Amino acid sequence: MTMLPFDDRDGFIWYNGEITPWRDAKIHILSHGLHYASSVFEGERAYGGKIFKMKEHHERLLRSGSLLGFQIPYSVAEIDQACEKVLKANNIVDGYLRPVAWRGSEMMAVSAQKSKIHLAIAAWEWPAYFSAEARLEGIRLDFAEWRRPDPATAPVASKAAGLYMIATLSKHAAEAKGYNDALMLDYRGQIAEATGANIFLVQDGKIHTPIPDCFLDGITRQTVIALARSKGYEVVERAIMPEELANTQEVFLTGTAVEVTPVREIAQHHFTPGTITRDLLLGYDEMVRKPG
């Protein structure tokens, strides 16, 4: 299947306050965000023309910029409106949105105090490709070589582009071995997350998930925890060692892109997506597509 490159598509991108033809939305090669990773972003989904948890995403976007030492020159309300304009301009009903902010090209050095902060928002169609039954077959993960860093060494609460470099390396290595994704441990050797999604383990009817103290506390993660508790499940946030996978019955991932995705294998460990995973998968699907 031929992939349509993202720099050569029809459509429109919101760029620094203007709706711009897709192919004209460009940056200079000497932008600080490209060379020094001074960039933050969000991933959002629209269902039936409505962006799920839009305000929460844009509040986090501004916090992410602040953690990297810059202020995005738009308010949450203005970014909300811009995303809605992008959906309308591209006639998207079910889609994915990518707001991204970065330091520009005014300064080219580690220090870039006077660089302009840019913001762009792109959106593209993202329909539901698989039924719930197909997704319940589960995906396969390998263990990643790279680990999530100590929070004393990186702004781990920011959705910063630089923090995804080791995720890309880990996912590529897993894919080269035939896996779908990789499970990353943290600097202590504890289970952290997949390369772009949070992880949950079901053990004897209880749901366990790592404490997000060195990786992003995902908006979908928070949503699914609240959903699980509303259904009467006990959710325990705690340190989890990889050895515990041997005593785990179900595993699933959560994230804007993956929604609730069952895992059937992590290296030598095998799991069967069961009642709890199915309940939360279907419950989340119903929640995000609820009208109004």
Side-chain angles (χ1 to χ4, degrees), residues 3 37 39-43 45 96 98 126 129-130 134-151 153-203 207-222 224 237-273 277 280-281 284:
M3 183 179 71
S39 171
V40 297
F41 68 97
E42 281 295 322
R45 291 282 289 270
Y96 183 88
R98 172 54 59 90
W126 194 317
Y129 291 109
F130 302 105
R135 287 156 57 201
L136 277 164
E137 292 181 5
I139 63 172
R140 302 172 63 243
L141 308 184
D142 191 18
F143 281 105
E145 175 183 352
W146 298 93
R147 295 190 174 191
R148 278 286 160 224
D150 185 326
T153 68
V156 297
S158 172
K159 196 169 176 67
L163 292 173
Y164 284 80
M165 178 185 68
I166 57 175
T168 296
L169 289 171
S170 299
K171 190 173 179 73
H172 284 183
E175 289 175 336
K177 293 192 242 179
Y179 292 92
N180 303 103
D181 201 351
L183 174 61
M184 303 184 74
L185 305 182
D186 68 15
Y187 65 101
R188 297 161 295 202
Q190 299 172 6
I191 289 176
E193 61 175 354
T195 59
N198 294 120
I199 189 167
F200 291 79
L201 285 66
V202 178
Q203 299 173 344
I207 302 171
H208 302 260
T209 191
I211 299 168
D213 57 0
C214 64
F215 56 89
L216 207 63
D217 183 5
I219 290 172
T220 308
R221 175 187 184 274
Q222 298 169 36
V224 170
E237 299 181 73
R238 63 177 180 85
I240 304 174
M241 299 304 295
E243 292 80 11
E244 293 191 46
L245 292 172
N247 301 314
T248 297
Q249 293 81 50
E250 302 178 42
V251 176
F252 60 88
L253 306 180
T254 65
T256 295
V258 302
E259 301 175 309
V260 176
T261 292
V263 175
R264 74 172 188 268
E265 181 181 332
I266 301 177
Q268 74 272 25
H269 302 284
H270 296 268
F271 316 96
T272 301
T277 300
L280 294 176
L281 186 155
Y284 184 81

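Given the structure is predicted, the values throughout are model-derived calculations rather than measurements. Throughout, residue positions are numbered sequentially from 1 according to the sequence presented. All heavy atoms count here, side chains included; hydrogens, waters and symmetry mates do not.
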State which residues pass side chain to side chain donor-acceptor pair (under 3.5 Å) with [X]; sequence neighbours excluded, sorted by chain then number.
| X | result |
| --- | --- |
| Glu42 | His57, Arg60 |
| Thr277 | Glu250 |
| Glu244 | Gln203, Arg238 |
| Thr195 | Asp181 |

Assess whether side chain to side chain contact (heavy atoms under 4.5 Å, CB included) is satisfied between Leu185 and Ile191, documenting all intermediate values.
CA-CA 4 Å; Leu185 305 182; Ile191 289 176; 4.0 Å; yes

Salt bridge (charged side-chain N to carboxylate O under 4.0 Å, His left out) with [X]: which residues, sequence neighbours excluded?
| X | answer |
| --- | --- |
| Arg98 | none |
| Asp150 | none |
| Arg188 | Asp186, Asp213 |
| Arg148 | Glu193 |

Derivation of the side chain to side chain contact (heavy atoms under 4.5 Å, CB included) call for Asp142 and Leu183:
CA-CA 6 Å; Asp142 191 18; Leu183 174 61; over 6 Å; no

Which residues satisfy the side chain to side chain contact (heavy atoms under 4.5 Å, CB included) test with Ser39, sequence neighbours excluded?
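Listed in chain order: Val100, Trp102, Ala161.
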
Of all residues at least two apart in sequence or in a different chain, which pass the side chain to side chain contact (heavy atoms under 4.5 Å, CB included) check with Ala154?
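Side chain to side chain contact (heavy atoms under 4.5 Å, CB included) check on Ala154 returns Pro149, Val156, Leu163.
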
Tell me if the CD atom of Glu145 is crowded by more than 12 foreign heavy atoms within 6.0 Å.
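Not more than 12 within 6.0 Å, no.
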
Tell me whether Met165 at atom CE has more than 12 heavy atoms from other residues, nucleotides or ligands lying less than 6.0 Å away.
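No, not enclosed.
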
Show which side-chain atoms of residues 166-174 pair as donor or acceptor with protein atoms under 3.5 Å away, not counting sequence neighbours.
unit_1	atom_1	unit_2	atom_2	d
Thr168	OG1	Tyr164	O	3.3
Ser170	OG	Ile166	O	2.8
Lys171	NZ	Asn180	O	2.9

Using every non-hydrogen atom in the two residues, find where Leu201 and Leu245 come nearest and quote the distance to one decimal.
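Nearest pair, atom of Leu201 first, then Leu245: CD2-CD2, 3.7 Å.
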
Shortest non-hydrogen contact from Ala144 toward Met184:
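Smallest heavy-atom distance, with atoms named: CB-CG, 3.9 Å.
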
Side chains of Ile139 and Leu253 in contact at under 4.5 Å (non-hydrogen atoms):
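The answer is yes, as the side chains (C-beta and beyond) meet within the 4.5 Å cut-off.
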
Could you list the donor-acceptor pairs under 3.5 angstrom formed between side-chain atoms of residues 262-273 and any protein atom two or more places apart in sequence or on another chain?
unit_1	atom_1	unit_2	atom_2	d
Arg264	NH1	Gly138	O	2.8
Glu265	OE1	Arg140	NE	3.0
Glu265	OE2	Arg140	NH2	3.2

